[in-house]
Amino acid sequence: MADWSRRRFLRTGAVATAGSLSACQTWTIGGAARARVVVVGGGFAGATAAKFIRCYDPTIDVTLIEPKSAYITCPASNWTLAGLLKPARLLVDYRDLVDRYQVRLIGDRVAAIDADRRKLVLADGDSLRYDRLVLAPGIDFDWQAIAGYDAEMAERFPHAWQAGPQTELLIRQIQAMPDGGRVLICAPPDPYRCPPGPYERASLIAFWLKQYKPRAKVVILDPKPSFSKQKLFESGWRRHFGYGTPAASIEWLSIANNPVVRLEAAGRAVVTDFGDRFTGDVLNIIPPQRAGRIAAQAGLTDAGGWCPVDPWTSRSRFNEFIHVIGDAADYAPIPKSAFAANSEAKVCARAVVDLLNGRPPTEPHWLNTCYSLIAPDHGISVAMVYRLNAGRIAPLPGAGGVSADSPAAAALEAGYAVAAYRNLRKDSFE
């Protein structure tokens with residue numbers, strides 16, 4: 001098939017015929033053949049990379065491949081569980097990337113990557129060549145980790161770790177459970193997308209239950225001995241939910257070295273490695289995670305299931321013309337968050353532009369900020385700046401920290417959380 005078929009071009013209408021790059025430069029086409037960059041995956045990492053490559057060098061031809069016409073953000077999806085946000089408000093589309101930044105958009109899925117020929121094969125059989133490929137496929141789940149729990153069973157016991165129908169299913173189940181019932185959240189082992197996510201989720205479910213089903217509670221089964229922002233979460237749980245008392249509506253149980261290994265669907269129960277059995281009226285099982293399937297199929301993952309990269313350029317350790325960013329990539333100690341994905345994408349975009357223009361890549365640094373809501377008026381956060389130290393990513397001493405533990409700070413952080421989400425969406429997609 002042709003690298004860019006006329007049929008697909010007409011179907012997607014992906015390139016605006018006129019316009020400007022808004023805050024970026026105007027797109028001018030020179031006589032020489034332009035470099036071709038293909039971005040796979042339209043989440044916070046992929047959308048940001050496509051946008052900023054065009055901003056940094058508008059002569060580069062950028063194509064974004066994403067099968068969905070709109071993206072449902074995982075950030076703020078927990079807020080819908082407390083009724084603070086309608087699920088429809090999580091939707092973002094790609095109109096600005098196409099119209100303002102003139103990114104080509106293909107609404108299809110990548111079936112295979114021919115790295116030797118620098119070519120992608122799409123699900124419908126078309127192919128597309130690239131000079132550089134930016135891969136941002138997000139996460140996939142390890143469905144072998146918990147016996148009896150797979151993609152089909154997740155339609156009964158939702159993970160809700162990819163926002164959308166799963167989130168709405170979890171909302172319906174919580175609303176339908178009896179007062180005095182129990183929501184059981186099975187947190188995943190490290191590393192996984194959004195480290196504070198299970199604990200924000202527990203907080204906001206407990207907030208909703210406190211209003212509508214006050215005798216119900218949330219139990220978190222955690223395969224880790226500790227978790228992100230633990231002191232701040234526990235302080236907020238004591239303030240709002242009686243944490244640590246017999247009447248607590250949140251209970252956290254560390255089952256380190258004794259992970260959940262089996263689902264007993266008929267009894268709405270999970271069983272641990274040591275044979276401990278836990279039941280719930282609603283089971284929110286978040287399985288172990290790894291890089292999106294296409295990354296593994298292309299041979300870009302290591303034994304841990306993630307994509308190792310050269311942090312200076314975001315290039316895959318296994319292929320010099322493929323860059324990997326976002327949740328699929330191993331940027332440890334940077335956590336897997338949407339804010340980090342946005343930061344990684346900007347570093348990647350700059351490196352791609354430098355490499356295509358024959359320049360040495362700019363020295364990188366990264367920023368991560370993560371806000372969580374414990375209640376509508378109670379927010380907490382953690383922030384950190386990262387740089388290279390002896391070739392490895394390391395926190396910049398004195399450049400980050402967590403929010404203060406006080407009612408005044410919590411109220412401010414709740415407002416900041418909403419603003420940060422809106423700004424991140426705008427920076428990535430508009």
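- Classified by interplanar angle (parallel below 30°, tilted 30° to 60°, perpendicular above 60°), the ring pair Tyr94/Phe429 is tilted.
- For Lys229 against Tyr371, the heavy-atom pair with the smallest separation is NZ-C, 3.9 Å.
- With hydrogens and angles ignored, the 3.5 Å screen pairs a side-chain donor or acceptor of Arg54 with a backbone N or O of Tyr101.
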Candidate pair Phe44 and Ile325, rule side-chain contact (heavy atoms from CB on, under 4.5 Å), full reasoning: CA-CA 10 Å; Phe44 281 95; Ile325 53 176; over 6 Å; no
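- Under a cutoff of 6.0 Å and an axis angle of 45°, Arg118 and Phe321 form a cation-pi pair.
- Going from atom CZ of Arg100 over to atom SG of Cys55 covers 9.0 Å, rounded to the nearest 0.5 Å.
- Ile220 and Ala202 get closest at one heavy-atom pair: CD1-CB, 3.5 Å.
- The CG atom of Asn284 sits 8.5 Å away from atom CG of Leu184, with the distance rounded to the nearest 0.5 Å.
- Counting only N and O atoms by type, the side chains of Tyr416 and Ser403 include no donor and acceptor under 3.5 Å apart.
- Counting only distance, with no hydrogens or angles, the side chain of Glu344 and the backbone of Gly326 share a donor-acceptor pair below 3.5 Å.
- At most 12 heavy atoms of other shown residues, nucleotides or ligands fall within 6.0 angstrom of atom CD in Gln144.
- Using a 4.5 Å heavy-atom threshold, the side chains of Ile380 and Val402 count as separate.
- Nearest approach of Ile286 to Pro188, heavy atoms of both residues: O-CB, 3.5 Å.
- Here the side chain of Arg317 pairs a donor or acceptor atom with the backbone of Val309 at under 3.5 angstrom.
- Of the possible donor and acceptor atoms, none in the side chain of Ser314 sits under 3.5 Å from a partner among the backbone N and O of Pro311.
- Listed for the Arg34 side chain is no donor-acceptor partner under 3.5 Å among the backbone atoms of Val62.
- Rounding to the nearest 0.5 angstrom, the gap separating the OG1 atom in Thr362 from the CH2 atom in Trp312 is 9.0 Å.
- Rounding to the nearest 0.5 Å gives a distance of 11.5 Å between CD1 of Ile146 and OG1 of Thr272.
- Residues Phe233 and Trp252 keep their aromatic ring centres 6.0 Å or farther apart.
- Among all heavy-atom pairs drawn from Pro376 and Leu84, the shortest one is CG-CD2, 3.6 Å.
- Remark: Arg350 fails to qualify as a cation-pi partner of Phe52 under the 6.0 Å distance and 45° angle criteria applied to the six-membered ring.
- Side chain of Asp93 to main chain of Ala70: no donor-acceptor pair is present (N/O by atom type, distance under 3.5 Å, no hydrogens or angles).
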Verdict with supporting geometry, Leu128 and Tyr130, side-chain contact (heavy atoms from CB on, under 4.5 Å): CA-CA 7 Å; Leu128 188 66; Tyr130 61 85; over 6 Å; no
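- Remark: Asp427 engages Lys346 in a salt bridge, criterion side-chain N to carboxylate O under 4.0 Å.
- Side chain of Tyr149 to backbone of Ile285: a donor-acceptor contact under 3.5 angstrom is found.
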Evaluation steps, side-chain contact (heavy atoms from CB on, under 4.5 Å), between Asp222 and Tyr199: CA-CA 10 Å; Asp222 203 331; Tyr199 317 99; 2.4 Å; yes
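- Nearest heavy-atom pair, Ala345 versus Ala49, reported as atom, atom and distance to 0.1 Å: CB-N, 3.6 Å.
- Expressed to the nearest 0.5 Å, how far CG of Asp310 lies from NE2 of His323 amounts to 9.5 Å.
- Within the 4.5 Å cutoff, the side chain of Asp405 has no heavy atoms near those of the Lys231 side chain.
- Within a 6.0 Å radius of CZ in Arg239, other residues, nucleotides and ligands contribute more than 12 heavy atoms.
- Trp161 has its ring centre no less than 6.0 Å from the ring centre of Phe141.
- Within 6.0 Å of the CZ atom in Arg422, the count of heavy atoms belonging to other residues, nucleotides or ligands does not exceed 12.
- Remark: side-chain polar atoms of Lys336 are not paired, donor with acceptor, to backbone N or O of Ile139 under 3.5 angstrom.
- For Asp150 (side chain) and Glu152 (main-chain N/O), a donor-acceptor pair under 3.5 Å exists by modelled atom type.
- Using a 30° and 60° split on the angle between ring planes, His240 and His378 fall in the perpendicular class, above 60°.
- The shortest heavy-atom contact between Phe318 and Pro308 is CE1-CG, 3.7 Å.
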Derivation and outcome, side-chain contact (heavy atoms from CB on, under 4.5 Å), residues Ile393 and Leu388: CA-CA 5 Å; Ile393 300 173; Leu388 289 179; 4.0 Å; yes
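- Here the CD1 atom belonging to Ile171 is positioned 10.0 Å from the CH2 atom belonging to Trp208, to the nearest 0.5 angstrom.
- The backbone N or O of Pro87 sits nowhere less than 3.5 Å from a side-chain atom of Thr80 that would complete a donor-acceptor pair.
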